[in-house]
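In what follows, a structure is listed as structure tokens, so that the remarks can point back to it.
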Amino acid sequence: FGTALSGRALKDPAYLELVRAQCGLIVPESELKMPIIQPQPGQFQFERADALLDFAAGNDLVTRGHCLLWHHPAWLPKWLEGYDFGPEPAKSAEALLTDHITRTTTRYQKRIRSWDVVNEAVDNITGVMRETPLSKAIGSPDKVLEIAFRSARASLPDAELVYNDYMGWESDNAPHRDGVLRLLERFRKNGVPVNALGIQAHIGAGNQDSNNNRAFDARDEKAWRKFLEDVTAMGYSLLITEFDVH
């Protein structure tokens, strides 16, 4: 059992005491995300992540890595918007992504054994793959994700590599669940090295859908169980990576 932890929390002794008492694991809230690690092209800044990893090591806490690639146009570094990938954009974009993942994982390969390699690549409304500056340069979202996982595996031969997303059990989440399931099927078909599905889910009594119904009341538990069984039938493990308590 663990919690997300941010750099600002390291300045709060009372909060840290709760973490020490109640948790065996931490997940950096934003400190391992691409905009923090590489705020400008080729400028890598690991200080914030190092501080969290040092706290974890000093308190016998396991650390999970989140996340190497948040494949969503709103959460990639701003400098990627309109970035000039040159005359061979696919090669340039692949080199950029591979370099970022390799540098990050190599730095922490002995300290982090489980990584959310890719986060939220499936549109939660339509179930189709999200497009980003990287996918437009490389040619397809699937190719971007494959590059990410293969780059991570190259420097993390024994780590748990996870695709992480927030599909839930609400009835109107069916397109999101289906999109994630199709993606996981393509991973298996193409031999992409993915070990597990990270389930954010955000299941809780306080969430409301577009009709102001509480998600806890509106759940389609049968469809949710079928989704999870389909995932595990393909050989994936399941991780609860977020959980809401209201």
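Small disclaimer: the values here were computed from a predicted structure and weren't measured.
Under the 4.5 Å side-chain heavy-atom criterion for grouping Ile, Leu, Val, Met, Phe, Trp and Tyr, L76 is connected to I37 within one hydrophobic cluster. Side-chain heavy atoms closer than 4.5 Å link hydrophobic residues (I, L, V, M, F, W, Y) into clusters, and following such links, possibly through other members, connects M234 to L161. Using a 4.5 Å cut-off between side-chain heavy atoms of Ile, Leu, Val, Met, Phe, Trp and Tyr, with links allowed through other members, V144 and M34 fall into the same hydrophobic cluster. Residues F46 and L97 fall within the same hydrophobic cluster, defined by Ile, Leu, Val, Met, Phe, Trp and Tyr side chains chained together at heavy-atom separations under 4.5 Å. Under a hydrophobic-cluster definition in which Ile, Leu, Val, Met, Phe, Trp and Tyr are linked whenever side-chain heavy atoms come within less than 4.5 Å, directly or via other members, L5 and L32 are assigned to different clusters.
Although no hydrogens or angles enter the test, the distance criterion places no donor-acceptor pair under 3.5 Å between the side chain of R182 and the main chain of R177. Looking only at distances, a side-chain donor or acceptor of Y163 sits under 3.5 Å from a matching main-chain atom of A121. Distance alone, capped at 3.5 Å, is enough to place a donor-acceptor pair between the W79 side chain and the Q38 backbone. Although no hydrogens or angles enter the test, the distance criterion places no donor-acceptor pair under 3.5 Å between the side chain of N190 and the main chain of V192. D84 places a side-chain N or O within donor-acceptor distance of the main-chain N or O of G86, the cut-off being under 3.5 Å. One N or O on the side chain of R188 and one on the backbone of V194 form a donor-acceptor pair closer than 3.5 Å. Within the 3.5 Å criterion, the main-chain N or O of A14 finds a donor-acceptor partner in the side chain of D12. A donor-acceptor pair under 3.5 Å is formed between the side chain of N173 and the backbone N or O of G168. Distance alone, capped at 3.5 Å, places no donor-acceptor pair between the S151 side chain and the T98 backbone. At least one donor-acceptor pair under 3.5 Å links the side chain of K33 to the backbone N or O of E29.
With hydrogens and angles left out, the side-chain atoms of S155 and T102 include no donor and acceptor closer than 3.5 Å. Side chain to side chain, N124 and R130 meet the donor-acceptor criterion of an N or O pair below 3.5 Å. Looking only at atom types and distance, the side chain of Y108 has a donor-acceptor partner in the side chain of D50 under 3.5 Å away. With hydrogens and angles left out, the side-chain atoms of E131 and S135 include a donor and acceptor closer than 3.5 Å. The closest side-chain donor-acceptor pair between N164 and E242, if any, does not fall under 3.5 angstrom.
Residues F149 and F187 bring their aromatic ring centres within 6.0 Å.
Under a 4.5 Å side-chain heavy-atom criterion applied to ILVMFWY residues, the cluster that includes W75 comprises W70 as well.
Under a cut-off of 6.0 angstrom, the local environment of CZ in R20 is crowded, with over 12 non-hydrogen atoms contributed by other residues, nucleotides or ligands. For L238, the CG atom counts as densely surrounded, since its 6.0 Å shell holds more than 12 non-hydrogen atoms of other residues, nucleotides or ligands.
Here CD of E31 is found 7.0 Å from CD1 of I36. Values are rounded to the nearest 0.5 Å. Put simply, CG on D220 and CZ on R225 are 12.0 Å apart, with the number rounded to the nearest 0.5 Å. Here the straight-line distance linking atom CD1 of I26 with atom CG of N59 works out to 9.0 Å at 0.5 Å rounding. Atom CG of L183 sits about 8.5 Å away from atom CG of D165, to the nearest 0.5 Å. The CZ atom of R48 sits 8.5 Å away from atom OG of S6, with the distance rounded to the nearest 0.5 Å. Taken from CH2 in W115 to CG in L68, the straight-line distance is 5.0 Å, to the nearest 0.5 Å.
In this structure, R107 fails the cation-pi test against F44, since its NZ or CZ atom is not both closer than 6.0 Å to the six-membered ring centre and inside 45 degrees of the ring normal.
Between H66 and P28, the closest side-chain pair of non-hydrogen atoms is not below 4.5 Å. Residues K226 and V231 form no side-chain contact, since every pair of their non-hydrogen atoms from C-beta on lies 4.5 Å or further apart. Counting heavy atoms from C-beta on, the side chains of V27 and T63 never come closer than 4.5 Å. Residues L69 and V117 fail the side-chain proximity criterion, which asks for heavy atoms closer than 4.5 Å. For the pair V122 and V128, the minimum side-chain heavy-atom distance is 4.5 Å or more. Between L134 and F85, some side-chain heavy-atom pair lies under the 4.5 Å cut-off. Considering only heavy atoms from C-beta on, L10 comes within 4.5 Å of F55 through its side chain. Side-chain contact check for H71 versus N119: every heavy-atom pair is 4.5 Å or farther apart.
Under the side-chain contact (heavy atoms from CB on, under 4.5 Å) test applied with H176, the options V180, D178, D172 reduce to a single match, V180. For the side-chain contact (heavy atoms from CB on, under 4.5 Å) test with L61, the passing option among L25, V19, L52 is V19; the others fail.
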Test side chain to side chain contact (heavy atoms under 4.5 Å, CB included) on E120 and Q200 and set out the steps. CA-CA 10 Å; E120 299 173 4; Q200 298 173 36; 3.1 Å; yes
Quiz item: Given M167 and I199, is the side chain to side chain contact (heavy atoms under 4.5 Å, CB included) satisfied, shown in steps?
Solution: CA-CA 7 Å; M167 57 284 138; I199 299 169; 4.1 Å; yes
List the steps and the verdict of side chain to side chain contact (heavy atoms under 4.5 Å, CB included) for S114 and L239. CA-CA 10 Å; S114 176; L239 287 76; 4.1 Å; yes
Query raised in the report: Taking it one step at a time, do K91 and I138 satisfy side chain to side chain contact (heavy atoms under 4.5 Å, CB included)?
Result: CA-CA 7 Å; K91 289 184 178 180; I138 288 173; over 6 Å; no
Walk me through it: do K189 and E185 pass the test salt bridge (Lys or Arg N to Asp or Glu O under 4.0 Å)? CA-CA 6 Å; K189 179 181 178 181; E185 288 174 344; over 6 Å; no
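Of all non-hydrogen atoms in I125 and D123, the two that sit nearest each other are N-OD1, 2.9 Å. In terms of heavy-atom proximity, G198 sits nearest to V162 at N-CG1, 3.3 Å. Residues Y236 and L197 share a closest heavy-atom pair of CB-N, 4.5 Å.
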